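The structure under discussion appears below in the form of structure tokens.
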Protein chains: 2
Amino acid sequence: MAGSDRPTSRDVARAAGVSQATVSLVLGGKWRGRVSERTADAVRRAAGELEYRPNLAARSLRLGRTRTALLVVPALTHEYFARVYTGAARVADEHDFGVVLYPSPEGTGPARDPFGSARAAIDGVIASSMAADALSGIADGGLPLVMLDSGPGAAGGPPTVDLAVADGIRQVVRHLVGLGHRRITHLAADVDTWTFRVRAQTVREELAGVAGAELATERCELDVGPARAAAVRALTAPGRRPTALLCDGDVLAAGACKAARGLGLRVPDDVSVSGFDDLSLATALDPELTTVRLPAEDVGARGMSALLALLDGAPTPPTELPVHLIPRASTSPPPTD
Amino acid sequence: MAGSDRPTSRDVARAAGVSQATVSLVLGGKWRGRVSERTADAVRRAAGELEYRPNLAARSLRLGRTRTALLVVPALTHEYFARVYTGAARVADEHDFGVVLYPSPEGTGPARDPFGSARAAIDGVIASSMAADALSGIADGGLPLVMLDSGPGAAGGPPTVDLAVADGIRQVVRHLVGLGHRRITHLAADVDTWTFRVRAQTVREELAGVAGAELATERCELDVGPARAAAVRALTAPGRRPTALLCDGDVLAAGACKAARGLGLRVPDDVSVSGFDDLSLATALDPELTTVRLPAEDVGARGMSALLALLDGAPTPPTELPVHLIPRASTSPPPTD
DNA sequence: CTGTTAGCGCGTTCAT
DNA sequence: ATGAACGCGCTAACAG
């Protein structure tokens, strides 16, 4: 166990020939006119020589704060949440904060209490796409909380950072309608969260104002296989076949494309397919997906900023981030009968 | 700031009418025959009433350990590393350990020192796919270290967890050769790490033993766009066109498929394409990719286990995890001239 | 069987 | 301008 013992601030003090308090002041950056320039320099040199690093456990204990936030996500393997983390971690880093992840099991139901042991070690929580009831434990604990993708909260509730999903869906619908599509099937994710409820509702509302529009809906799990099956149902349902499949996510769109090909239909010539998320998958597919770009990193970044503001007692107005339609090759005018 | 002050073990002790040490023993689970059943029960009840949670900072300071591991990954947005994290976190959780992520910038070169502040707060490091020199800072610090996907280390070096990538490549080559392919281009990731060096070398070696085999190589960045460009170069190079593209990853394979289609070639009828990783992308594509499944979660899990063993002073033999070829629809016999 | 004591490393106050 | 002393909450030793 060589070199297992690290130097403490006392070691630095001894090496620099000063007291512990002086070391703390100098390294803490609050010595303006309290410690002479010469001594301050000696301290810094000694700290450098010894490769001194403050003991975070001791600091946290003394200060009562940990400079660590907990990010609760449904599934890290999904690229969207990985990006959210990346954004949150970047902002945290700029403020000497850390971010630890808590992937809530299965993303549904009141997750196993993430705070049994963690509560003591974190200053606040950023929760992404969680059902409100799963967060009751946090609110009870009086831990500062920011909610992501959960919809605008109540007046006195936690700060929120949301995506303009309704607007995103509107852009997709107008894009499809503008191309001439009237028979559209919504391939909906079978997940009961705010963001997906809004998508379903907005598709309905927006299409209700279009003359001759026919909307159908197929629900499925958020995975390629189930999406493919749902798309097959949609494309083989009795009556006239839909000319466009509006999917709740790029993953579903991938399944839809496979279904179309399997039925001998070409995308986009016979059926148009739109996605949502703009994952790297969207451009890996052929044809590339028309989809809606979500600023995932910004969501994480704004979430972290909101938490920092909350901890500072600063105002935290609700945030809504704009999203943009990215037209690509998977949509085109419908076939002429 | 309601309820911001949490109860301490002293509060629990007072409420239960015992001493602080008794609380510590009972809640720490080491009171067999040292505290009476009745008192223990009173302590637990009091702790429950007060919703007591031990202060982790204080515990860490006292014990000198944090029960936290640092996982260094090149890029979290890549599904593979997200899975590695998931596996590591699962094993960590089973041992009341936490895992914090450090995404090393750009995944190349000696990363910015992740330990400036973190070193003090972690018990050990699990580093994935890092260049050896980027890890010198860790080894110097005497911090327990486990290396992932870095190849078998020196005798006295850190424990390693590797994938049997050479065997995986061999399975792919034999699969292609078995189908009848002889002109094969290796679409290689332009990344200088052990795992990719091994892949290139194994392709060469394995194909060297096949009569009439012709190997070409195209290098590119690990992304769809560059892969597509590289595949176009491969498929339009002077001389007879290769009948199979052996790609270093599913992402590259996706680019290769797009390139083939763009040139009017069908996959797999005109050209076979194989991937590596078995990401969810592999089955999202059409045709589904023949690829090699990597047990990413197991890598993370074994890495964490190795670190725990290392911390316990237990032996940590090098681990190599098997990988398996998953034949799907993107490979078939070569076209008959 | 239980309580008392000491100290982990740090940041802060008070006294020099 | 600097040093001595204290306590954050916890656990491991030792007394009783």
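Remember, predicted model here, so these are calculated numbers, not experimental data. Only this structure's heavy atoms are used, side chains among them; waters, hydrogens and symmetry mates stay out. Quick note on labels: first sequence line is chain A, next is B, and so on, each numbered from 1.
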Ignoring backbone atoms, establish whether A:Arg62 has a side-chain N or O less than 4.0 Å from OP1 or OP2 of C:dT12. no
Residues A:Glu49 and A:Arg45 bridged, charged N to O under 4.0 Å: no
Under a 4.0 Å N-O cut-off, is there an ion pair linking B:Asp11 with B:Arg14? yes
For B:Thr39, report the nucleic acid contact type (base, sugar-phosphate, nothing); a contact means any heavy atom under 4.0 Å. sugar-phosphate
Need one value for A:Arg34: base, sugar-phosphate or nothing, where a base atom within 4.0 Å counts as base even if backbone is also close, heavy atoms only. base
Can you tell me the distance, in whole Å, between the [atom1] atom of [X] and the [atom2] atom of [N]?
X       : N      : atom1 : atom2 : answer
B:Arg59 : D:dA12 : CZ    : C1'   : 14 Å
B:Arg65 : C:dG9  : CZ    : C1'   : 17 Å
B:Arg38 : C:dC1  : CZ    : P     : 13 Å
B:Arg67 : D:dC10 : CZ    : P     : 17 Å
A:Leu56 : C:dC8  : CG    : C1'   : 15 Å
A:Arg10 : C:dG11 : CZ    : C1'   : 14 Å
B:Leu63 : D:dA13 : CG    : P     : 11 Å
A:Arg14 : D:dG3  : CZ    : C1'   : 15 Å

Quick one: [atom1] on [X] to [atom2] on [Y], what's the gap to the nearest 0.5 Å?
X        : Y        : atom1 : atom2 : value
B:Leu71  : B:Phe81  : CG    : CZ    : 9.5 Å
B:Ser128 : B:His78  : OG    : NE2   : 10.5 Å
B:Phe97  : B:Asp123 : CZ    : CG    : 5.0 Å

Which of C:dG11, D:dG9, C:dG9 is nearest the side chain of A:Ala58? It is C:dG9
Of all the nucleotides listed (D:dT2, C:dC10, D:dG9), which has the minimum atom distance to the side chain of A:Leu61? D:dG9
Answer whether the closest heavy-atom distance between the side chains of A:Leu143 and A:Ile122 falls below 4.5 Å. yes
Determine whether a donor-acceptor pair (N or O, by modelled atom type, separation under 3.5 Å) exists between the side chain of A:Thr22 and the backbone of A:Val18. no
Can you work out whether A:Ser9 or B:Ser36 has the more 5'-proximal nearest nucleotide on DNA chain C? B:Ser36
Counting only non-hydrogen atoms, which of residues 17-29 of chain B are less than 4.0 Å from DNA chain D? B:Gln20, B:Ala21, B:Ser24
